[in-house]
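It should be emphasised that the depicted structure is a prediction, and the values quoted were computed from it without experimental measurement. Scope of the values below: all heavy atoms of this structure, side chains included, with no hydrogens, waters or symmetry mates.
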Amino acid sequence: MITIGTFNKLKIDRRTNVGLFLTDGNQDILLPKKYLPKVFELGDELDVFVYLDQEERPVATTLEPYIFLNEFALLKVNYVNNFGAFMDWGLEKDLFVPFREQARPMTEGKYYMIYMYLDEKTNRLVGSSKLNQFLNNDDITVSVGEEVDLIVSHITTAGINVIINEKHKGLMYENEVFEDFRTGDRIIGYIKNIRPDGKIDVSRNKIGFEKVSDTSLKILKELELSGGFLGLNDHSHPDEIKSVLGISKKAFKQTIGVLYKEKKIIIKENGIYKV
């Protein structure tokens with residue numbers, strides 16, 4: 001069965017003046033002439049993306065869009081009319097976001113986080129910036145300490161709001177983030193805490209001992225680059241530690257304690273020395 005909004009592996013059935021007709025054995029679909037591979041034979045299989053053209057007919061392309069069915073992406077508004085907004089998603093026909101699916105009125109030229117779904121009534125691909133309706137924190141599929149894929153959805157005074165594995169919503173607290181992020185950034189994170197109410201706290205660092213190990217390597221590497229000495233200790237200002245190492249003071253104190261016990265560093269009043 002050919003699926004709209006994703007890549008499909010289809011067989012070349014026949015060639016015509018307008019392009020190749022591909023088939024899955026039950027349905028034929030056109031790959032326009034401009035997307036033909038340089039070398040091909042009848043019977044070859046091609047990976048093609050399927051969507052609806054300007055005439056609302058299924059059509060294949062070898063182009064890769066910026067977003068796929070049931071996924072999120074940051075897209076730019078090409079133009080707005082009386083029906084809604086039309087987003088640039090890397091294909092000839094823009095992705096339509098009706099007004100009812102806009103979290104706030106969209107403006108031409110601006111970027112928005114979008115979820116793309118298939119409208120069952122019209123069988124059309126549609127975008128939505130009302131993201132929460134596509135995220136579910138009732139049936140959580142991740143566990144504390146697990147490495148996860150994150151998409152930055154929006155930034156508030158509380159912290160960085162993220163989409164977890166394209167399924168759940170989570171938060172990285174502002175005082176625990178030492179990097180500059182933008183909406184749409186895709187990063188790796190770790191599940192820090194899952195609350196009874198379903199809210200998920202996320203960290204950029206590994207949890208527990210693995211976190212200490214990663215931070216240890218960072219401090220030891222910085223010591224090597226600095227000739228074996230860093231002018232940081234328990235009394236250093238958090239901003240100074242963040243500026244030099246990109247970690248919190250709490251993580252710094254915890255880690256140098258471990259390194260001291262392992263006899264890898266010496267802690268003095270003016271800073272730490274590598275053994």
field: Members sharing Leu30's hydrophobic cluster (side chains within less than 4.5 Å)
entry: Val18, Phe21
- request: Could you name each residue pair satisfying salt bridge (Lys or Arg N to Asp or Glu O under 4.0 Å) that touches residues 49-60, not counting sequence neighbours?
  value: Asp53-Arg57, Glu56-Lys93, Glu56-Arg124
message: Could you work out, with ring-ring contact (aromatic ring centres under 6.0 Å, His included) as the rule, every residue matching Phe86, not counting sequence neighbours?
response: Tyr79, Phe96
- request: Please write out which residues are connected to Leu225 in a hydrophobic cluster, directly or through intermediates, given that two of Ile, Leu, Val, Met, Phe, Trp, Tyr count as joined at side-chain heavy-atom separations below 4.5 angstrom.
  value: none
query: Residues in side chain to side chain contact (heavy atoms under 4.5 Å, CB included) with Phe99, at least two apart?
result: Val80, Gln102
- request: If you link ILVMFWY side chains whenever their heavy atoms are less than 4.5 Å apart, which other residues fall into the same cluster as Tyr173? By chain and number, please.
  value: Leu171
Listed pairs under 3.5 Å, donor-acceptor, residues 38-48 side chains, sequence neighbours left out:
from	atom 1	to	atom 2	distance (Å)
Asp44	OD2	Glu41	N	2.8
Asp47	OD1	Lys9	NZ	3.3
Asp47	OD2	Lys9	NZ	3.4

- request: Could you list the residues that satisfy side chain to side chain donor-acceptor pair (under 3.5 Å) with Glu222, not counting sequence neighbours?
  value: none
Tyr190 and Val148, any side-chain heavy atoms less than 4.5 Å apart: no
Validation: residues 66-76 side-chain donor-acceptor distances under 3.5 Å, sequence neighbours left out:
from	atom 1	to	atom 2	distance (Å)
Asn70	OD1	Tyr115	OH	3.2

- request: Check side chain to side chain donor-acceptor pair (under 3.5 Å) between Tyr35 and all other residues, then give those that pass, not counting sequence neighbours.
  value: Glu92
statement: Residue set satisfying side chain to side chain donor-acceptor pair (under 3.5 Å) with Asn132, at least two apart, ordered chain then number -> none
query: Taking only residues two or more places apart in sequence or in another chain, which ones pass ring-ring contact (aromatic ring centres under 6.0 Å, His included) with Tyr273?
result: Phe229
